[in-house]
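Because the structure is predicted, anything quoted here is derived from the model rather than measured. Note that the numbering runs from 1 along the sequence shown for the chain.
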Amino acid sequence: AHYCLRPWPWLLVAFVALAMYPEVREMTQNPAMAEELNTKADAGFAWVMRDLSYPGLRGLMLVTFFAAFMSTISTQMNWGASYLVRDVYQRFYHPNATDDELTKASRIISLVVLAAGAIASWIMLDVNIGEVWKILLALGAGTGAVYMLRWFWWRVNAWSEISAMVGSLVFFLLFQNFGPPIRSEEQMVVIAAATMVTWLLVTFITPAESTETLEAFYRKVRPGGPGWKPIAAIAPDVKTDDNLGLSIGAALAASGIVYCTLPGIGLLLFGKYVAGIACLAVAVVFGVIVGYLMRKIGWENVI
């Protein structure tokens, strides 16, 4: 539902905006036109709301957007403050801090995070939302592998993740300013590859986590597969998850459900019924495969 159903209302509004306002497509292809009209291509969504919504619904949508904006702001403030308080302040500066001291520090750091976000927003005031999404994609390019492998490979450490996050942004900025004129999709592939090479090098250069930390993690998570053999030898009494291959197969099949259902719904909406039904039929097949693999793994090991 999250990946297959929820995006379609957004996509349909985008298509309506392109049909109602041809200048939106032109502004996307010609940024100079946006400057002449003193607007941006991402205004198309708001124009659809303005021109097609009744006054009451228009007000409700405005309030909804304010609520969504505030929820995002509060999430980022609390999330950022929790990292900085727990992982930086308490760990390196004040390990024996009381709850009152941590609460006071979190309030101060929350304001710092809010101020930093305001400054970043002001700097990006004239940036098209599409460019912002490219930055977010760059921050995720190449980091997915380290986020997954940290569960399956004992050698991944904190520096692996930090170098992946920093490296993806650095490589993106380098490509934006000095890279060859290639498509954004190709650019993301190159950035992801460079980021993966970077964090792998950092992983082998930096020391592994302590044996005590790794053993505690191993006993709590019980990761299966060959990536934890050195720690498994230390804790032979731990019963690990021994269905790694089936789990990966189920994950791939579940991804197949998403990649068939999302375009399948779109094909049905645009009248291409044969292709749409074919996509949904393949999605059903993938669903049956997932159900079969889950039964093989055992539902009690999944839920």
Side-chain angles (χ1 to χ4, degrees), residues 75-76 78-99 101-102 105-106 109 113 138-171 191-255 290 293-294 296-303:
T75 298
Q76 299 304 321
N78 293 323
W79 198 5
S82 68
Y83 276 126
L84 292 172
V85 170
R86 288 291 189 184
D87 297 338
V88 179
Y89 173 75
Q90 186 180 19
R91 181 175 180 182
F92 296 107
Y93 295 101
H94 201 342
N96 300 319
T98 64
D99 288 343
E101 291 171 330
L102 292 175
S106 68
I109 292 176
V113 172
L139 289 173
T143 59
V146 70
Y147 292 155
M148 289 187 291
L149 281 176
R150 63 184 175 181
W151 300 99
F152 302 106
W153 187 26
W154 70 276
R155 195 59 182 79
V156 173
N157 57 28
W159 290 112
S160 307
E161 299 184 32
I162 293 172
S163 62
M165 289 187 289
V166 174
S168 60
L169 180 59
V170 170
F171 289 127
I191 293 173
T195 302
M196 291 178 65
V197 171
T198 299
W199 73 255
L200 281 170
L201 288 174
V202 170
T203 299
F204 287 112
I205 292 172
T206 56
E209 297 292 343
S210 66
T211 303
E212 293 77 12
T213 300
L214 292 171
E215 183 180 351
F217 178 88
Y218 181 77
R219 290 185 177 277
K220 184 175 183 178
V221 179
R222 299 177 289 105
W228 283 87
K229 277 187 177 180
I231 310 303
I234 300 173
D237 57 304
V238 177
K239 186 181 183 305
T240 62
D241 296 328
D242 54 359
N243 295 300
L244 181 59
L246 294 177
S247 298
I248 292 175
L252 293 175
S255 299
V290 170
L293 293 175
M294 288 296 96
K296 290 279 289 183
I297 295 171
W299 290 103
E300 68 279 0
N301 296 324
V302 178
I303 299 175

| query | Which residue pairs satisfy the side chain to side chain donor-acceptor pair (under 3.5 Å) criterion with at least one member in residues 192-204, sequence neighbours excluded? | reply | S160-T203
| message | So, taking the atom named OG1 in T143 and the one named CE in M165, what distance separates them when rounded to the nearest 0.5 Å? | response | 8.5 Å
| request: Compare every heavy atom of A253 with every heavy atom of V290, then report the nearest pair and how far apart it is. | output: CG2-CB, 3.6 Å
| task | Report the distance from atom CG of L200 to atom CD1 of I205, rounding to the nearest 0.5 Å. | result | 11.0 Å
| field | Residue Y83 excluded, over 12 heavy atoms near OH under 6.0 Å | value | no
| Smallest separation among heavy atoms of R155 and T206, with atom names | NH2-O, 2.7 Å
| request: Considering non-hydrogen atoms only, spot the tightest contact between W154 and P230 and give its length. | output: NE1-CG, 3.4 Å
| said: Any heavy-atom pair between the side chains of I234 and Y218 that's under 4.5 Å? | reply: no
| remark: Heavy atoms of W159 and V202 approach each other most closely as O-CG1, 3.6 Å
| note | Rounded to the nearest 0.5 Å, the CG atom of L293 sits from the OG atom of S247 at a distance of 9.0 Å
| Could you give the distance from CZ (R219) to CG (L214), rounded to the nearest 0.5 Å? | 12.5 Å
| query | Heavy-atom distance under 4.5 Å between the side chains of L84 and Y89, does that happen here? | reply | no
| task | For residues L244 and G224, report the shortest heavy-atom separation together with the two atoms involved. | result | CD2-O, 4.2 Å
| message | If I take atom CD1 from residue I231 and atom CZ from residue F217, how far apart are they, to the nearest 0.5 angstrom? | response | 11.0 Å
| said: Between H94 and L102, does the side-chain contact (heavy atoms from CB on, under 4.5 Å) criterion hold? Intermediate values first, please. | reply: CA-CA 9 Å; H94 201 342; L102 292 175; over 6 Å; no
| message | Just so I know, are the side chains of W151 and W228 near enough to count as touching, which here means a heavy-atom distance under 4.5 Å? | response | no
| Any residue meeting side-chain hydrogen bond (donor to acceptor under 3.5 Å, both in side chains) with T75, in chain and number order, not counting sequence neighbours | none
| query | Roughly how far, to the nearest 0.5 Å, is the CG atom of N96 from the CD atom of Q90? | reply | 9.0 Å
| message | For a quick test of reading the model, state the closest non-hydrogen atom pair linking S106 to V85 and the distance between them. | response | CA-CG2, 3.6 Å
